Number of protein chains: 2
Amino acid sequence: MKITANDPNRKTWLKVDENSDFPIQNIPFGVFLTRDDIITIGTRIGDYAIDLGALHQLGYFSEIPLTDDIFLQDTLNDFIADGRKTWRLVRNRIAELFDENNATLKDNNEHKNRIIFEMNEVEMKLPVDIGDYTDFYASKEHATNVGSLFRDPENALLPNWVHIPIGYHGRSSSIVPSGTPIRRPLGQTKPPHLDSPIFGASKLLDFELEMAFITTDVNKLGQTISIDDANEYIFGLVLFNDWSARDIQGWEYVPLGPFLGKSFASTISPWIVTLDALKPFKVESPKQDPKPLPYLKQSGKKSYDIHLQAFIQPENGEENLVSNSNFKYMYWTMVQQLTHHTSNGCNVRAGDMMGSGTISGPTPDSYGSMLELSWRGQNPIKLKDGTERKFINDNDTVIMRGFCENSEVRIGFGDCTGKVLPALE
Amino acid sequence: MKITANDPNRKTWLKVDENSDFPIQNIPFGVFLTRDDIITIGTRIGDYAIDLGALHQLGYFSEIPLTDDIFLQDTLNDFIADGRKTWRLVRNRIAELFDENNATLKDNNEHKNRIIFEMNEVEMKLPVDIGDYTDFYASKEHATNVGSLFRDPENALLPNWVHIPIGYHGRSSSIVPSGTPIRRPLGQTKPPHLDSPIFGASKLLDFELEMAFITTDVNKLGQTISIDDANEYIFGLVLFNDWSARDIQGWEYVPLGPFLGKSFASTISPWIVTLDALKPFKVESPKQDPKPLPYLKQSGKKSYDIHLQAFIQPENGEENLVSNSNFKYMYWTMVQQLTHHTSNGCNVRAGDMMGSGTISGPTPDSYGSMLELSWRGQNPIKLKDGTERKFINDNDTVIMRGFCENSEVRIGFGDCTGKVLPALE
């Protein structure tokens with residue numbers, strides 16, 4: 001099926017700023033609370049939130065096989081479970097309805113009043129009920145940096161890393177939508193100068209610049225998928241801040257991996273941008289040497305050229321760009337991650353989420369965490385207000401942004417933000 | 001509130017074998033499909049499954065504040081979210097209804113026909129929708145054995161282990177109820193004699209003898225709980241087989257912990273035995289030296305004397321007892337685990353599950369996995385049919401059982417079984 005929604009020449013009758021992340025070619029999916037306190041599934045064009053539940057009730061999707069209440073839900077899980085054909089039909093139809101040459105909805109003020117909200121009137125919610133969340137460790141630069149800092153610079157990359165998309169299970173319950181304040185965690189740490197651990201507020205609070213993909217139903221328990229099919233099970237992507245308390249993590253993570261150093265909170269951007277919308281931005285991913293085993297061998301363009309940025313904004317201060325990275329730096333691709341994840345028969349469901357791991361590029365300004373940017377505090381980052389940061393301070397807001405851009409169109413993700421509140425007590 | 005359901009002198013008008021795991025003093029909770037293909041919440045007495053949905057509809061719980069459909073659901077999550085007071089009222093009322101001196105239900109054949117099923121007429125389902133599943137590593141003997149086998153016998157226990165209830169996030173989607181066949185996983189392994197990894201069926205499939213507890217809603221994100229309050233958030237316990245592919249695990253687990261070596265399947269026993277029912281079996285847990293930090297300091301009797309057994313049954317063969325362990329061997333208690341889990345503000349929800357980790361005792365016959373029992377294959381286990389096992393073979397069934405016993409009463413968990421099917425291809 002043709003993805004007519006991606007037509008770069010299409011213009012909409014809604015007002016959209018030239019540099020908006022959400023032109024008529026994006027059509028992401030999210031969940032929001034309207035000014036009338038009703039929860040609904042929607043999309044976004046420019047600075048307008050579109051109520052898909054109302055659109056469907058008014059008959060605008062009558063040509064598409066959808067259940068009556070598919071958009072009148074508080075999560076996208078059921079819609080995502082409907083599969084790629086349905087996602088395409090719905091995106092194409094939305095593009096058509098808001099096309100500047102289509103007067104059907106444009107000229108119906110009563111319908112427009114029911115369907116269209118300004119973004120500042122709505123409250124964005126978590127878009128999916130995340131069943132299981134897995135985080136990968138897919139940037140070679142990040143894995144090498146962390147290996148150098150935490151273990152041995154001479155053997156920074158462990159032998160399995162180039163053969164396996166290394167991943168671990170994360171905590172679903174503490175994933176929150178952009179804008180939710182983050183409480184600095186308490187925890188057990190062992191400062192190097194002490195013989196025994198202490199309990200208190202984390203001193204080394206960090207962000208991790210990541211993206212995450214959301215899946216549809218992939219396989220039943222005990223079944224596997226082929227790497228050639230994996231792409232069709234990926235619904236879309238969000239920005240992902242995998243908040244990390246480095247001092248808690250450093251003391252607890254051997255031998256079973258990250259736990260409370262991560263599970264206090266993770267933030268996602270609220271609009272899921274579909275893989276379909278990102279299609280014009282496909283690029284090659286880094287060459288894989290050694291060659292992956294056959295079950296992970298993927299052909300064609302494997303990644304997406306998504307510019308990623310992280311900012312620190314002190315309270316009442318300006319935004320400071322601290323990292324400039326790109327999704328394309330990931331060594332292991334989403335398709336390889338998903339295929340590997342199901343290779344043992346583990347079932348993946350609609351609404352499951354898989355994080356990329358911190359995406360660091362080759363140059364120091366493209367590192368995706370303060371741990372790497374400040375090289376464990378050795379090189380503090382100077383902010384515009386004259387202060388320095390080794391890690392994140394109380395009342396700092398961390399903002400992540402991501403966008404794709406070519407000569408014709410810009411597709412973005414909006415903001416993924418979280419303000420750090422002081423620890424309890 | 002008095003737990004009258006625990007009265008050891010009570011007898012029931014239902015027929016119950018003397019050695020049943022499910023006397024009138026147990027009253028566990030589960031979810032089953034009736035002979036009429038209706039899913040309901042129920043309890044078990046002897047070899048009878050009791051339909052609590054029907055009991056409630058017939059007015060037998062009218063004195064207890066419960067929503068009308070609380071038992072007409074396919075998971076226990078909402079009932080568990082109602083909290084400990086409600087669990088106690090319901091257990092006490094069930095005990096009263098089935099007391100041999102109470103004729104109300106006993107003499108009503110029409111009601112009995114609607115409410116009581118024989119166990120072989122019903123199909124047990126997963127009792128909860130498990131939001132997040134965490135597995136701990138709480139047996140000192142197990143951690144020491146694994147440390148000796150995988151790392152260094154001289155420094156088997158890592159320095160953090162005696163200070164932290166070490167845990168990691170596990171996979172919820174692949175947790176199945178007892179009786180579900182388990183497919184031997186495919187995966188990446190690196191045999192010692194090869195330079196590069198290979199992909200194929202796991203050769204070192206193992207069980208892990210564990211128990212797991214189910215929580216009610218504990219805390220909101222960013223909040224913590226006191227160790228003195230933790231006990232009231234624990235609903236009950238199940239047997240738990242944390243199936244493990246040792247060869248996949250060994251190659252993948254550094255540095256982020258177990259992943260596909262575990263996530264292909266985990267099995268739980270279908271009846272959740274409440275902490276209330278286990279109360280008569282409280283015992284001291286192992287002395288903790290060094291003393292835990294104040295936030296983990298717990299007073300009183302901390303553990304439960306639950307005998308645990310693992311059996312291997314070859315196809316068409318006899319059961320072979322291969323491990324005799326006990327829940328009381330756990331060094332870190334459930335209350336410490338839950339308190340630690342929330343100490344960073346991580347929110348724990350109704351229906352979340354936390355595994356104990358493999359429970360190994362001090363003697364070799366009490367080790368809770370084949371890895372330890374056969375000491376990585378060096379000492380194969382002889383079965384009654386003359387065959388040997390280093391790990392688990394195709395078509396073997398692994399059976400776990402657990403029970404508490406004193407001079408007055410025996411409270412058990414039923415079976416936790418899974419048959420291993422050959423790998424795909």
Side-chain angles (χ1 to χ4, degrees), chain A residues 131-132 134 137 147 150-151 158-160 163-164 166-174 176 181-183 185-188 190 196-199 221-224 245 248 251-261 263-265 290 293-295 340-341 343-349 352 421 424, chain B residues 131-132 134 137 147 150-151 158 160 163-164 166-174 176 180-183 185-188 190 196-199 221-224 245 248 251-261 263-265 290 293-295 340-341 343-349 352 421 424:
Chain A
D132 277 296
T134 300
Y137 190 53
F150 274 135
R151 288 180 298 271
L158 292 165
N160 57 6
H163 298 283
I164 300 182
I166 294 284
Y168 66 100
H169 308 294
R171 180 86 190 172
S172 303
S173 71
S174 52
V176 295
I182 305 303
R183 180 69 65 184
L186 302 170
Q188 221 186 98
K190 202 190 80 58
S196 303
I198 54 173
F199 185 80
L221 186 66
Q223 299 181 345
T224 61
I248 297 174
W251 172 234
E252 75 175 357
Y253 92 105
V254 179
L256 299 182
F259 183 44
L260 301 193
S263 64
F264 58 95
L293 283 166
Y295 80 106
H340 181 65
H341 207 311
S343 66
N344 70 342
C346 176
N347 52 330
V348 175
R349 303 169 292 189
D352 285 352
L421 305 180
L424 290 173
Chain B
D132 277 296
T134 300
Y137 190 54
F150 274 135
R151 287 180 298 271
L158 292 165
N160 57 6
H163 298 284
I164 300 182
I166 294 284
Y168 66 101
H169 309 294
R171 181 86 191 172
S172 303
S173 71
S174 52
V176 295
T180 310
I182 306 303
R183 180 70 64 185
L186 303 169
Q188 220 186 100
K190 202 190 80 58
S196 304
I198 54 171
F199 185 81
L221 186 66
Q223 299 182 345
T224 62
I248 297 174
W251 172 234
E252 76 175 356
Y253 93 105
V254 179
L256 298 183
F259 183 44
L260 302 193
S263 64
F264 59 93
L293 283 166
Y295 79 106
H340 181 65
H341 206 311
S343 66
N344 69 342
C346 176
N347 51 329
V348 176
R349 304 169 292 188
D352 285 352
L421 305 181
L424 291 174

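Just so we're on the same page: letters track the sequence lines, and every chain starts at 1. In this text, all values refer to a predicted model and were calculated from it rather than measured experimentally.
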Measure from the side-chain N and O atoms of A:Ser173 to the backbone N and O of B:Asn347, and report whether any donor-acceptor pair falls under 3.5 Å.
yes
Ranked by heavy-atom pairs below 4.5 Å to chain A, first place among B:Gly131, B:Gly345, B:Pro258 goes to B:Pro258
Among the options B:Ala245, B:Ala265, B:Gly167, B:Pro185, pick out the one with the most heavy-atom pairs lying under 4.5 Å from chain A.
B:Gly167
Residue part contacting chain B, namely of A:Ile198, when any heavy atom lies under 4.5 Å
backbone
Need one label for B:Tyr295: side chain, backbone, both or neither, based on atoms under 4.5 Å from any heavy atom in chain A.
side chain
Do you know the tightest heavy-atom contact between B:Gly222 and A:Arg183?
O-CG, 3.9 Å
Chain A shares the most heavy-atom pairs under 4.5 Å, among B:Ser196, B:Gly187, B:Ser343, B:Pro294, with B:Ser343
Here the pair of heavy atoms bringing A:Asp132 nearest to B:Gly170 is OD1-O, 4.1 Å
Options B:Arg151, B:Gln223, B:His341, ranked by heavy-atom pairs under 4.5 Å with chain A, top entry
B:His341
If we ignore hydrogens and angles and just use 3.5 Å, is the side chain of B:Asn344 paired with the main-chain N or O of A:Leu186 as donor and acceptor?
no
What are the two closest heavy atoms between B:Ile164 and A:Gln188, and how far apart are they?
CG1-OE1, 3.0 Å
Please classify the contact between A:Leu424 and chain B as side chain, backbone, both or neither, with a heavy-atom cut-off of under 4.5 Å.
side chain
Bottom line for B:Leu293: the part with an atom under 4.5 Å from chain A's heavy atoms is side chain
Is it the backbone or the side chain of B:Val176 that comes under 4.5 Å from a heavy atom of chain A, or both, or neither?
side chain
Those residues that, when tested against A:Phe150, pass ring pair (Phe, Tyr, Trp, His ring centres under 6.0 Å) (two or more places apart)
none
Highest number of heavy-atom pairs under 4.5 Å with chain B: which of A:Tyr137, A:Tyr253, A:Trp251?
A:Trp251
Criterion side chain to side chain contact (heavy atoms under 4.5 Å, CB included) on B:Leu260 and A:His340, from CA distance to verdict:
CA-CA 9 Å; B:Leu260 302 193; A:His340 181 65; 3.4 Å; yes
Ignoring hydrogens, what is the shortest heavy-atom contact between B:Ile166 and A:Leu256? Give both atom names and the distance.
CG2-CD1, 3.9 Å
Under a 4.5 Å heavy-atom cutoff, which of B:Ser172, B:Gly147, B:Gly261 has the most pairs with chain A?
B:Ser172
Measuring centre to centre across the rings, with the benzene-like ring taken for any Trp, is A:Phe259 within less than 6.0 Å of B:Tyr168?
no
Criterion side chain to side chain contact (heavy atoms under 4.5 Å, CB included) on A:Thr134 and B:Arg171, from CA distance to verdict
CA-CA 9 Å; A:Thr134 300; B:Arg171 181 86 191 172; 3.6 Å; yes
